There are 2 protein chains.
Amino acid sequence: MQVITTECQTVEVKLTGNRKAVLLLLQQQQRPLSAYEIIDLLRPQIGRIIHPMLVYRCLDFLLEQHLVVKLVSVNKFMVLPEGATEPGQCLICERCQAVTFSQSSNPLQQQRRKIAASGFKLNQQPVEFHGICQACQKDDNK
Amino acid sequence: MQVITTECQTVEVKLTGNRKAVLLLLQQQQRPLSAYEIIDLLRPQIGRIIHPMLVYRCLDFLLEQHLVVKLVSVNKFMVLPEGATEPGQCLICERCQAVTFSQSSNPLQQQRRKIAASGFKLNQQPVEFHGICQACQKDDNK
DNA sequence: CACATTTTGTGATAATATAACATATCATTA
DNA sequence: TAATGATATGTTATATTATCACAAAATGTG
């Protein structure tokens with residue numbers, strides 16, 4: 001058993017070598033990675049073939065511990081930025097794939113409360129909005 | 001060229017046999033289907049092997065025409081219920097996979113305006129919330 | 001009709017994810 | 001410390017979702 005402290009929280013978990021490697025990678029990259037991107041980036045570090053199952057199992061664990069979130073609309077995994085304490089939202093650009101996370105603002109929190117009041121029990125993952133980011137809109141006008 | 005009228009809109013499109021079959025199936029089912037569910041359900045109707053490309057091409061076309069929406073977080077496709085005129089939201093149960101669509105309520109519309117004001121151009125797809133539906137919560141308590 | 005464009009048919013393959021089962025490691029306690 | 005049970009890892013195979021590439025057929029237009 002080991003204690004780990006992230007920007008967001010301190011948890012007592014079995015953070016084994018593989019799990020730690022995946023978590024550290026995601027923390028370093030500060031961007032969403034697909035499971036297979038993780039495999040490719042981890043390979044040089046670990047120095048042997050990495051089977052998908054290994055990575056998916058690490059990710060499952062880290063998701064359970066809320067150390068990592070999954071962007072279900074794009075099948076990618078990321079750590080939330082420092083200080084993120086609640087589900088929040090992600091804006092995902094369909095052109096350049098950039099993802100920007102931000103804390104829930106008032107209307108979204110209100111919406112979440114409304115949904116909860118209706119009896120539907122929301123999970124703690126960020127809500128994902130899709131569209132075109134400002135940079136890509138500018139590129140389109142050139 | 002053909003004119004088609006759905007509950008939501010009238011568009012002039014090349015609604016060929018395959019495309020019409022996919023659209024009708026989704027309208028009949030009134031629930032999200034995966035591409036491969038569509039293949040399986042369409043097979044008896046069409047009476048020969050259906051390649052995935054056929055279905056994905058029909059779906060691409062129907063998505064472009066906004067006759068169908070894709071639930072990106074679960075890789076399924078559905079027609080919006082009658083009278084749906086704006087993006088709205090879907091509540092997706094992670095236990096039983098039930099999906100309920102509803103029109104955007106005020107806070108969500110406000111949130112969308114906020115995002116738009118920040119310079120991010122939202123698409124017109126429903127926002128997808130994940131959690132556990134009321135029925136499944138009750139089942140859990142048994 | 002002739003020609004260009006769009007749609008369809010088909011095989012192959014890419015990308016994402018899980019099932020199943022054997023082996024190894026860790027934790028507990030007799 | 002050895003026995004035991006629980007947890008984690010290694011590995012193969014396979015399921016699921018989606019796209020590429022190219023040929024053939026159908027359709028629209030001058």
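In this text the structure is predicted, and so the values were computed from the model without any measurement. Residue numbers start from 1 in every chain, and the chains themselves are labelled A, B, ... in the order their sequence lines are given, proteins ahead of strands.
- Among the nucleotides dT11(D), dA18(D), dC20(D), the one closest to any side-chain atom of Met53(A) is dT11(D).
- When atom types are taken as modelled, the side chain of Gln97(A) and the backbone of Ile92(A) share no donor-acceptor pair closer than 3.5 angstrom.
- When distances run from any side-chain atom of Ser34(B) to the nucleotides dT17(D), dA17(C), dT9(D), the shortest one goes to dT17(D).
- Phosphate proximity of dA26(D) to Thr16(B): absent, as no side-chain N or O sits under 4.0 Å from OP1 or OP2.
- A donor-acceptor contact shorter than 3.5 Å links the side chain of Gln137(A) to the backbone of Gly119(B).
- Place Lys76(B) and Gly17(A) on DNA chain D by their nearest nucleotides, and Gly17(A) ends up nearer the 5' end.
- Atom P of nucleotide dA15(C) and atom CG of Asn75(B) are separated by 16 Å, given to the nearest angstrom.
- One interatomic measurement links the two molecules: CG of Asp60(A) to C1' of dA8(D), which rounds to 13 Å at whole-angstrom precision.
- Judged by distance alone, with hydrogens and angles left aside, the side-chain atoms of Glu128(A) form a donor-acceptor pair with the main-chain N or O of Val72(A) at under 3.5 Å.
- Looking at the side chain of Arg57(B), the nearest of the listed nucleotides dA20(C), dA17(C), dT8(C) is dT8(C).
- Side chain of Arg48(B), nearest nucleotide from dG10(D), dG9(C), dT18(C): dG9(C).
- Between Leu54(A) and Phe77(B), it is Leu54(A) whose nearest contact on DNA chain D lies nearer the 5' terminus.
- Taking atom CD1 of residue Ile38(B) and atom P of nucleotide dT17(D), one finds them 11 Å apart after rounding to whole Å.
- For His51(B), taking side-chain heavy atoms from C-beta onward, the closest of the listed nucleotides dT18(C), dG11(C), dT8(C) is dG11(C).
- One atom, CG of Leu15(B), and another, C1' of dT27(D), lie 15 Å apart when rounded to the nearest Å.
- The closest donor-acceptor contact from the side chain of Glu86(A) to the backbone of Gln124(A) lies at 3.5 Å or more, if one exists at all.
- Residue side chain Tyr36(B) meets the stacking definition with respect to dT17(D): its ring centre sits within less than 5.5 angstrom of the base's six-membered ring centre, and the planes differ by less than 30 degrees.
- When the C1' atom of dT7(C) is taken as reference, atom NZ of Lys20(B) falls 16 Å away, rounded to whole Å.
- Heavy atoms of Lys70(A) sit under 4.0 angstrom from primed sugar atoms or phosphate atoms, though from no base atom.
- As rounded to whole Å, 15 Å separates atom C1' of dA6(D) from atom CZ of Phe61(A).
- For Ile50(A) and dT12(D), the CD1 to P distance is 15 Å, given to the nearest whole Å.
- One finds the CG atom of Leu59(B) at 4.5 Å from the CD1 atom of Ile38(B) (value rounded to the nearest 0.5 Å).
- In terms of phosphate contacts, Asn18(B) brings no side-chain nitrogen or oxygen within less than 4.0 Å of OP1 or OP2 of dT7(C).
- Between the P atom of dG10(D) and the CD1 atom of Ile49(A) lies a distance of 12 Å, rounded to the nearest Å.
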